[in-house]
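Every chain is numbered from 1 and lettered A, B, ... according to where its sequence line falls, protein lines coming before strand lines.
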There are 2 protein chains.
Amino acid sequence: MGRGKIEIKRIDNATSRQVTFSKRRSGLFKKARELSILCDAEVGLVVFSSTGRLYEFASTRKKLILPTSMKSVIERYTEAKEEHMQTMSASAEAKAAMLLRN
Amino acid sequence: MGRGKIEIKRIDNATSRQVTFSKRRSGLFKKARELSILCDAEVGLVVFSSTGRLYEFASTRKKLILPTSMKSVIERYTEAKEEHMQTMSASAEAKAAMLLRN
DNA sequence: GCGTCTATATATAATGG
DNA sequence: TCCATTATATATAGACG
């Protein structure tokens with residue numbers, strides 16, 4: 001969807017990979033949100049950039065259940081969260097919150 | 001993106017809501033997959049239709065962490081999963097599916 | 001409900017500042 | 001390294017079988 005057609009394979013150039021990530025992530029989240037609204041669906045979306053930054057969306061409507069395949073993800077999340085909590089200090093709290101927020 | 005422009009609000013007609021769900025879900029998953037490949041990102045996507053059917057995608061690469069806002073989701077998943085396991089029998093498959101449905 | 005078919009809306013690749 | 005633009009690729013609304 002652009003001036004040229006691209007193959008779906010890892011973009012080698014780090015810069016353009018970052019640019020594409022930014023654009024497509026934005027589009028993906030937009031569509032996730034639209035789906036949840038239009039179709040009254042529960043949607044949970046988690047994205048980690050290759051640099052480890054977290055982005056999330058979750059429609060908060062009724063009941064959302066995670067799929068089995070995400071079990072490991074949940075486990076890792078729990079671990080990370082615990083680590084996070086352990087190393088968290090009062091002043092680091094805000095920083096971490098911001099980090100998680102974007 | 002079609003013959004006409006639509007507002008982003010819940011589609012009242014159940015039939016067209018289902019049709020739209022099917023189409024957009026497909027597109028969303030495709031884009032989730034593309035993002036993960038193109039940008040070497042970790043992506044986890046969970047969708048529950050309004051009728052309770054589950055759809056998922058998770059790139060299995062490196063580190064995927066769930067966002068804070070998904071905590072309740074995880075909890076619910078865990079609960080449901082436990083229930084599922086407890087009541088599951090070979091012949092109870094269908095029943096379990098119903099359980100997950102809502 | 002599900003696949004196919006367009007016309008049109010949107011997303012976005014490439015580019016320029 | 002970001003914004004803004006814009007040409008093009010893609011997604012999809014609406015219609016039909």
Note to self: Is A/Lys31 close enough to D/dT12 that one of its side-chain N or O atoms is under 4.0 Å from OP1 or OP2 there?
What the structure shows: yes
To the nearest angstrom, the CZ-C1' distance between B/Arg17 and C/dC2 comes to 18 Å
_Just N and O in the side chain of A/Arg24: are any of them under 4.0 Å from OP1 or OP2 of C/dA13?_
yes
Rounded to whole Å, the CZ-P distance (B/Arg53 to C/dG1) equals 11 Å
Rounded to whole Å, CD1 of B/Ile8 lies from C1' of C/dT10 at a distance of 11 Å
In whole angstroms, the gap separating P of C/dA9 from CE of B/Met1 amounts to 12 Å
query: Quick one: does A/Lys5 reach the base of C/dA13 with a side-chain donor-acceptor pair under 3.5 Å?
result: no
Comparing nearest nucleotides in DNA chain D, the 5'-proximal residue of the pair B/Arg25, A/Gln18 is A/Gln18
In whole angstroms, the gap separating P of C/dT15 from CG of A/Asn13 amounts to 13 Å
Taken to the nearest whole Å, CG/A/Leu35 to P/D/dA11 is 15 Å
From CZ of B/Arg33 across to C1' of D/dT10 the rounded distance in Å is 15 Å
By nearest-nucleotide position on DNA chain C, the 5'-leaning member of B/Leu38 and B/Lys23 is B/Lys23
### A/Ser26 side-chain N/O to A/Ser22 backbone N/O, donor-acceptor pair under 3.5 Å
no
Closest heavy-atom pair, A/Leu45 versus A/Val47, reported as atoms and distance to 0.1 Å, is CD1-CG2, 4.1 Å
Q.
Treating B/Arg17 as the side-chain partner and A/Leu38 as the backbone partner, does any N or O pair qualify as donor plus acceptor under 3.5 Å?
A. no
Between NZ of A/Lys30 and C1' of C/dT12 the distance, given in whole Å, is 12 Å
Closest non-hydrogen atoms of A/Ala41 and B/Phe21, given as atom of the first, atom of the second and distance, are CB-CE1, 3.7 Å
All heavy atoms of B/Ala32 vs all of A/Leu28, minimum pair found to be N-CD1, 3.6 Å
*Looking at every strand, decide which applies to A/Thr20 at a 4.0 Å heavy-atom threshold: base, sugar-phosphate, or nothing.*
sugar-phosphate
Q) Ignoring hydrogens and angles, are the base of C/dT12 and the side chain of A/Arg3 linked by a donor-acceptor pair under 3.5 Å? A) no
Per atom distances to the A/Ile6 side chain, the nearest of C/dG1, C/dA13, D/dT1 is C/dA13
